[in-house]
Protein chains: 2
Amino acid sequence: MGETIQSVERAAAILRLLASGPRQLGVAELARALGLPKGTLHGILRTLVRVGFVEQDQATGKYRLGATLLHLGSSYLDVNELRTRAINWADALAGRSRESAWIGTLHEGHVLVIHHVFRPDDSMQTLQVGTYLPTHASALGKVLLAWDPYGEAVATPLQPHTKKTIVDPGQLETELELVRTRGWAAEMEELTEGEVAIAAPIKDSRGIVVGAIGIRGAVERLAPEGHLHMEFVSYVRDAARAITRDLAR
Amino acid sequence: MGETIQSVERAAAILRLLASGPRQLGVAELARALGLPKGTLHGILRTLVRVGFVEQDQATGKYRLGATLLHLGSSYLDVNELRTRAINWADALAGRSRESAWIGTLHEGHVLVIHHVFRPDDSMQTLQVGTYLPTHASALGKVLLAWDPYGEAVATPLQPHTKKTIVDPGQLETELELVRTRGWAAEMEELTEGEVAIAAPIKDSRGIVVGAIGIRGAVERLAPEGHLHMEFVSYVRDAARAITRDLAR
DNA sequence: CAGTGAGGTTCGGTATTGCCGAACACGCCT
DNA sequence: AGGCGTGTTCGGCAATACCGAACCTCACTG
């Protein structure tokens with residue numbers, strides 16, 4: 001691959017930094033983080049403000065992400081073919097299982113949530129579309145890792161989220177092997193205590209895994225006494241197969 | 001304001017074009033639309049692909065928005081102070097009114113939806129966060145226009161969405177005058193047949209209107225026989241006042 | 001209350017940077 | 001085969017956008 005445009009890459013780096021935390025950042029902070037002169041950054045920031053990608057705090061002069069990005073992000077969802085094709089099946093899955101349904105893709109070492117249906121009859125939930133889940137501690141992530149065509153190395157060390165999170169790379173690999181042979185993944189309180197998830201792969205017309213769909217809910221409903229109710233597994237696998245079939249056309 | 005960086009502005013223009021429709025665009029199309037040579041655009045596109053803002057279709061070579069933007073957009077939501085402060089009140093509003101609750105801001109001549117709570121006990125709804133509503137045909141929009149500090153001209157001609165949409169600028173102005181005097185806005189089947197909305201302004205510590213909150217639902221529930229149930233209006237105004245009070249601190 | 005340092009901003013010279021346009025390679029349809 | 005439509009490459013030219021030092025303002029402090 002050839003050369004890339006410096007200023008655009010720098011602009012992207014700024015946006016990524018601003019997105020990495022909820023804090024607003026100043027020119028000086030950015031300059032330190034990126035190792036660039038303040039003047040240079042100021043020029044890029046001025047441009048980003050003009051196009052609405054960044055907003056400047058009137059009081060402090062610090063910078064934060066801008067509203068245009070929200071609109072661009074939601075436009076991405078319209079463009080994303082997997083999501084538009086899968087959205088109805090996710091609704092159906094949530095309805096049948098009476099649990100929240102999720103669709104995710106592999107993106108920069110994380111699971112990017114591209115769709116999320118709330119659990120029926122349960123309002124107070126916040127939408128997770130656009131957020132990241134850890135690959136090694138989520139059912140969606142295990143599926144995506146298991147069939148990752150590029151075999152990306154998992155970011156080590158594996159961050160623990162609960163006592164049950166898999167933190168040993170070797171153990172993760174055997175888990176992925178299991179996922180590959182039986183065709184679906186489970187995650188038992190490895191991300192949040194009391195929550196369990198199931199996921200299965202979505203393949204495109206060439207047979208490559210392009211995403212995963214699954215459900216997530218309380219351990220007492222999905223896996224009482226530590227044993228998964230297999231009916232939930234078949235709901236998830238049915239949905240995954242249906243979407244895969246849809247994508248083939 | 002001083003100069004801006006050419007390539008970054010061009011990159012932003014490309015992203016806006018890609019976001020403007022669900023279609024994928026090719027280098028040649030972009031070149032025509034922006035009046036730039038193909039080679040120039042290719043360089044910018046290559047960079048945008050590298051940073052994940054744009055993806056290229058393997059088969060056709062055409063370009064579409066990338067997944068990184070989805071993540072940046074959702075990060076914006078974390079940063080947005082109005083939203084983080086208002087989110088609980090919106091939940092409460094949806095609960096009390098048993099209708100869907102909405103929060104929006106003025107952005108480039110549209111209402112940008114920054115939060116959306118589904119109507120309780122009603123799953124099959126799609127989330128609208130990040131989408132645009134028309135200013136002249138939504139309750140949120142009327143509120144934002146009525147107190148717009150910059151007095152931005154509304155994009156004319158006013159696009160009709162139903163038979164009841166206000167399309168005459170003069171009539172819109174008298175409507176906005178009404179909104180200003182009584183302190184809230186209504187929209188009766190002006191955007192979608194059978195749907196009605198109510199909204200009220202959210203002000204920051206300086207008294208400037210920074211957003212609007214409202215509800216939206218079926219005409220038969222909110223306004224049977226064409227008359228708004230005033231209890232819904234007070235729910236909305238209560239929520240708006242509560243958030244305004246919150247922001248003052 | 002000066003003094004200091006940190007913040008964001010401005011500015012002009014320099015040479016680096018990334019523009020440009022023509023040529024290339026491929027695929028499709030005529 | 002031919003022509004047109006893609007997306008892509010390349011090298012030379014000069015416009016471009018970097019850089020670093022100087023500027024201004026604020027807030028905190030000795």
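What you see is a predicted model, and the numbers here were worked out from it, not measured in a lab. Naming convention: chains lettered A, B, ... in sequence-line order (proteins, then strands); numbering from 1 in each chain.
For the side-chain contact (heavy atoms from CB on, under 4.5 Å) criterion with B/S138, the lone passing option out of B/L133, B/V143, B/L145 is B/L133. For the side-chain contact (heavy atoms from CB on, under 4.5 Å) with B/I14, the lone residue among B/L65, B/L34, B/L36 that qualifies is B/L34.
Each end of the helix from C/dT17-D/dA14 to C/dT30-D/dA1 yields a helix axis from five base pairs, and these two axes differ in direction by 0° (to the nearest 10 degrees).
At C/dT9, one or more side-chain N or O atoms of A/H42 fall inside 4.0 Å of OP1 or OP2 (strictly under the cut-off). In terms of phosphate contacts, A/R32 brings a side-chain nitrogen or oxygen within less than 4.0 Å of OP1 or OP2 of C/dG7. Between C/dC11 and A/R46, no contact under 4.0 Å exists linking OP1 or OP2 to a side-chain N or O. Dashed line: the shortest gap from a side-chain N or O of A/Q6 to OP1 or OP2 of C/dC19 is not under 4.0 Å.
Ring geometry for B/H161 against B/H136 counts as tilted: the plane angle lies between 30° and 60°, on a 0 to 90° scale.
Backbone-only contact: B/G26 has heavy atoms under 4.0 Å from sugar-phosphate atoms and none from a base. A/T40 comes within 4.0 angstrom of a base, heavy atoms only.
Taking both residues in full, the closest heavy atoms of B/S205 and B/L247 are given as CB-O, 4.2 Å, listed atom of the first, atom of the second, then distance.
Of the two residues contacting DNA chain C, namely B/P37 and A/Y63, the nearest-nucleotide position lying further toward the 5' end is that of A/Y63. Comparing A/G61 and A/S7 along DNA chain C, the residue whose closest nucleotide (by nearest heavy atom) sits nearer the 5' end is A/G61. Along DNA chain D, the nucleotide nearest to B/E29 and the one nearest to A/I44 differ in position, and the one closer to the 5' end is contacted by B/E29.
Between A/L45 atom CG and D/dC18 atom P the separation is 12 Å, expressed in whole Å. Rounded to whole Å, atom C1' of D/dT8 lies 16 Å from atom CZ of B/R50. Taking atom CG of residue B/L41 and atom P of nucleotide C/dC19, one finds them 9 Å apart after rounding to whole Å. Protein atom CD1 of B/I5 is 10 Å distant from nucleotide atom C1' of D/dT16, rounded to whole Å. Between the NZ atom of B/K62 and the P atom of C/dG27 there is a distance of 16 Å, given to the nearest Å. One interatomic measurement links the two molecules: CD of B/Q58 to C1' of D/dG7, which rounds to 13 Å at whole-angstrom precision. In this entry the distance linking CZ of A/R23 with C1' of C/dG7 reads 14 Å, nearest Å. Look at CD on A/E9: it is 12 Å from P on D/dC18, rounded to the nearest Å.
Atom CH2 of B/W184 has more than 12 neighbouring heavy atoms from other residues, nucleotides or ligands inside a 6.0 Å radius.
Residue side chain B/K38 reaches the base of D/dG7 through a donor-acceptor N/O pair under 3.5 Å, judged by distance alone.
In the model, B/H107 has a side-chain atom that pairs as donor or acceptor with a side-chain atom of A/T68 under 3.5 Å.
Ion pair A/E29/A/R32 not flagged as a salt bridge, since none of the NZ, NE, NH1 or NH2 atoms sits closer than 4.0 Å to an Asp/Glu carboxylate oxygen. At a threshold of 4.0 Å, the pair A/R50-B/E9 counts as salt-bridged, since one of the basic side-chain nitrogens sits closer than that to a carboxylate oxygen.
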